Amino acid sequence: MLRLIAAGVLAGGYAALCTAAAPAWSNAAYCVNDPREPWPWQEGNDDINRAKSDHALAGATVYAYLRNPSPGPASVSALRWNGVPIDELLDARRAVWWRALPAEAPAGGFVEVALRLRKTLDAPGTLDVAFSTGAKETVEVAPDGPAFRIESTAFSPDRHKMFLYIEQYAQDAPLPETVLMDAPDTPARVRWLGKGYAGGLCVGVVELPEPLAEGALHTWVARGGGAAAGAALRTIARPAVFGTFGAADYARQAQNGLTSFYSFGALDTASLDAAHALGIRPAFYIGAGNPPEGTRGHPALYGYCLKDEPDCHDFSAGKDLPMGERIGTLAPAMVDEAARCFAADPATPVLLTLDLTFTPANYYVYGPIADITTPDCYPVTVGESLEFLRDCATHAKRATAPRPFGFIYQGCWEEFGIPQGRYVGRAELLEKGFDAFTDPERVRGLGRPPVPAEIRIQIAYAVGCGARALWSFIDSSEAGGSLVFHGSTELPEVWAAIGDMSRALRRVEGELNLAHPIAWATTSCPEALWVRTLICGEDAALVVVVNEGYRCDKEGFFPEPAEDVAFTFPPLPWLKAGRVERITAGGVESIKAVDGPDGLVWRAEKLEDVALFRLSR
């Protein structure tokens with residue numbers, strides 16, 4: 001599933017608008033195998049670590065884009081893989097989950113069938129699909145994956161445009177030519193930016209005669225040169241938010257530049273009204289229940305979260321299963337709950353939070369289920385350096401494609417506590433002192449709170465890997481079970497860093513709503529600087545930089561600033577940048593840039609930890 005990079009920079013220019021009728025449609029199907037890369041990070045449970053050895057948890061997801069052959073609306077009623085009914089596959093643990101989108105396809109319309117297999121596909125397979133009308137379709141699935149794939153999608157603020165970011169998977173991948181919307185006989189009006197792949201990427205701009213409804217489900221299929229790739233997903237025009245977990249202290253959050261709040265408890269209409277007045281867009285957990293009627297479609301509501309860390313719960317929910325088969329135990333229920341939420345409130349995205357259990361297999365099992373998956377990773381808490389978050393976010397992007405994803409980073413200090421058998425709130429912690437609840441015999445992770453530079457680096461890593469939404473965990477201090485959380489309410493420097501980064505990102509919120517990450521801009525100091533480029537539609541790009549010349553351990557965080565660093569941005573086929581701006585919490589600074597032999601060049605005299613640049617014509 002790794003991106004294959006095209007050699008060289010291709011000549012620019014827009015391709016002609018594609019309005020011709022699409023070639024005769026034949027059902028398309030392909031398999032996306034999980035990457036079989038070494039995963040160096042260990043978990044606290046040795047049984048899980050042994051199960052993860054030799055890529056034993058790597059699986060695959062089969063996608064099929066079928067035309068409903070019935071004369072009227074139809075749903076998918078049965079599925080077979082290599083002749084075996086889906087229920088038998090699930091019972092035998094050979095499949096993890098499946099779903100069909102939309103739940104009912106119109107006559108002649110597309111339906112996306114997704115089937116999650118427990119093992120990678122190493123031989124051709126056959127998918128048989130039966131419809132409620134009695135019609136049947138069969139597709140062959142090759143094990144070598146698609147030639148190209150839709151990796152990200154984005155929508156203009158007025159939802160009159162859709163951006164398709166298509167990456168080549170095969171070295172000789174053809175270029176996409178046509179985009180179909182909802183049915184094989186409905187070619188969209190699309191502009192292709194440039195005349196080929198650049199950095200392994202091809203971008204299509206779909207011009208829509210009418211704006212799409214917020215939250216509406218549509219199916220898109222790109223095809224060309226005998227290849228096809230699809231995506232069935234919700235229309236989410238504003239996924240970029242910057243928030244925190246904790247208490248619903250909207251005034252405090254808004255004052256710190258935040259735009260979202262993630263709540264473990266359900267919020268009522270009055271709470272959402274208060275958030276809306278301050279520009280806060282909350283998300284909240286709903287568990288196995290239906291979305292509350294009074295909050296459905298509320299303009300402030302960011303999304304409903306189905307469950308907190310189902311991958312973690314899989315460890316116990318699948319306790320009668322071999323360790324290597326436990327991941328995904330709760331996945332079929334998450335598929336059903338996502339469908340229920342969509343039916344109850346079609347305007348509001350469904351979220352799903354993942355933790356670090358069975359990593360990175362957890363991302364590939366659960367990542368495609370929700371509209372927006374929100375993994376969490378707290379490197380200081382688990383005793384790892386910050387690159388751990390970078391690698392988690394990289395896998396999260398691959399696993400959730402083409403849906404947007406968010407990321408939950410560490411904004412607190414977590415210690416082992418003396419079990420209380422009850423919840424302990426901030427007021428009691430402050431009254432009695434944190435030491436009264438902390439276990440002095442045990443050290444959690446690196447045994448210290450994060451410093452402001454670590455906050456900035458976590459955020460930059462997540463954004464550079466493609467996260468469009470961010471939340472810190474956790475603002476309010478609390479204790480429960482065997483853990484004590486020193487929230488950012490007690491860590492003013494951490495809270496200030498969260499606010500500064502949020503203010504900076506708000507200055508490029510429009511670009512982040514359109515962003516897709518590639519490796520493009522380069523630096524004169526590649527051994528120390530991690531650089532990622534975010535392609536933001538057709539008019540701009542962001543360059544995210546992290547100075548990795550730091551030491552992060554139990555003794556603290558020790559940076560080594562980079563001096564006199566040069567950056568180069570080669571021309572994109574659709575964007576020859578002429579302007580560079582550095583984005584900070586304090587404002588936008590124009591940076592002197594010159595044309596060099598390889599592209600636009602600018603310099604930074606000193607780079608402490610992170611930098612964010614915006615490039616435009």
Side-chain angles (χ1 to χ4, degrees), residues 5-6 8-14 151-152 154 156-157 161 163 165 167 191 193-194 196-203 205 240 456 459-468 501 503-526 529-547 562 564-607 609-617:
I5 304 299
V9 179
L10 300 171
Y14 289 135
E151 286 291 300
S152 293
S156 63
K161 287 183 182 179
F163 296 87
Y165 299 96
E167 291 192 0
R191 280 187 291 127
L193 304 186
Y197 291 102
L201 181 70
C202 178
V203 183
V205 184
R456 293 190 289 269
I459 292 173
Y461 273 147
V463 170
C465 290
R468 295 183 185 168
M501 287 298 288
R503 290 185 185 93
L505 293 174
R506 288 183 68 175
R507 297 183 186 280
V508 291
E509 182 177 329
E511 286 86 354
L512 288 175
N513 281 325
L514 306 178
H516 174 76
I518 65 171
W520 190 255
T522 61
T523 174
S524 61
C525 194
L529 300 184
W530 181 84
V531 181
R532 286 297 179 273
T533 298
L534 300 176
I535 305 301
C536 306
E538 55 188 309
D539 298 319
L542 300 174
V543 174
V544 182
V545 183
V546 175
N547 180 2
D564 191 26
V565 179
F567 297 95
T568 301
F569 188 87
L572 286 162
W574 60 89
L575 176 63
K576 185 181 186 300
R579 183 180 184 186
V580 181
E581 299 166 304
R582 185 164 184 176
I583 311 299
T584 66
V588 177
E589 176 191 0
S590 293
I591 303 294
K592 180 182 178 181
V594 298
D595 285 321
D598 298 318
L600 192 67
V601 179
W602 70 99
R603 309 190 76 88
E605 292 183 6
K606 188 174 183 179
L607 202 152
D609 43 56
V610 304
L612 176 63
F613 300 99
R614 177 168 55 197
L615 288 94
S616 56
R617 291 185 177 87

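Positions are given from 1 along the sequence. Note that the structure is a prediction, hence the values are computed from the model and not measured.
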I need the T584 OG1 to R507 CZ distance, nearest 0.5 Å. 6.5 Å

Could you measure the distance from the CG atom of L193 to the CD1 atom of I535? Nearest 0.5 Å is fine. 10.0 Å

Give, for atom CG of L514 and atom CG of L542, the distance between the pair rounded to the nearest 0.5 Å. 9.5 Å

Non-hydrogen side-chain atoms of T533 and F569 separated by less than 4.5 Å: yes

Would R603 and D564 count as a side-chain contact (heavy atoms from CB on, under 4.5 Å) here? Give the steps. CA-CA 7 Å; R603 309 190 76 88; D564 191 26; 3.0 Å; yes

At what distance, to the nearest 0.5 angstrom, does CH2 of W602 lie from CD1 of I591? 9.5 Å

Heavy-atom check, side chain of L512 versus side chain of V463, under 4.5 Å: yes

If you define the side chain from C-beta out and look only at heavy atoms, does anything of V545 sit under 4.5 Å from W530? no

Of the non-hydrogen atoms in A504 and A585, which two are nearest, and what is the gap between them? CB-N, 3.6 Å

For V543 and L612, what are the C-alpha separation, side-chain angles and deciding distance, and is it a side-chain contact (heavy atoms from CB on, under 4.5 Å)? CA-CA 6 Å; V543 174; L612 176 63; over 6 Å; no

Without swapping roles, check the side chain of N513 against the backbone of A240 for a donor-acceptor pair under 3.5 Å. yes

Value rounded to 0.5 Å, distance of CZ in R468 from OG in S152: 5.5 Å

V565 versus L529: any side-chain heavy-atom pair under 4.5 Å? yes

Write down the atom of L575, the atom of A541, and the distance for their closest heavy-atom approach. CD2-N, 4.2 Å

Can you check whether V610's main-chain N or O pairs, donor with acceptor, with N547's side chain at less than 3.5 Å? no

Quick one: closest heavy-atom pair of S156 and F163, and the distance? N-CE1, 4.4 Å

Does the distance from a Lys or Arg side-chain N to an Asp or Glu carboxylate O, for R582 and E589, drop under 4.0 Å? no

Looking at P573 and G194, what are the two nearest heavy atoms and their distance? CB-CA, 3.7 Å

Min side-chain heavy-atom separation V531-W520 under 4.5 Å: no

Heavy-atom side-chain proximity of D609 to V546 below 4.5 angstrom: no

Hits for ring pair (Phe, Tyr, Trp, His ring centres under 6.0 Å) against Y165, two or more places apart or cross-chain, chain-then-number order -> H516

Sidechain N-carboxylate O distance under 4.0 Å for K161, E538: yes

In Å and rounded to the nearest 0.5 Å, what is the CG to CD1 distance from L505 to I459? 6.5 Å

Kindly indicate, with the supporting measurements, whether the criterion side-chain contact (heavy atoms from CB on, under 4.5 Å) is fulfilled by E511 and R614. CA-CA 9 Å; E511 286 86 354; R614 177 168 55 197; 3.3 Å; yes

Would a 4.5 Å heavy-atom cut-off, applied to side chains only, mark V203 and W574 as touching? yes

For R579, does the CZ atom have more than 12 heavy-atom neighbours from other residues, nucleotides or ligands under 6.0 Å away? no

Is any side-chain heavy atom of L534 closer than 4.5 Å to one of P517? yes

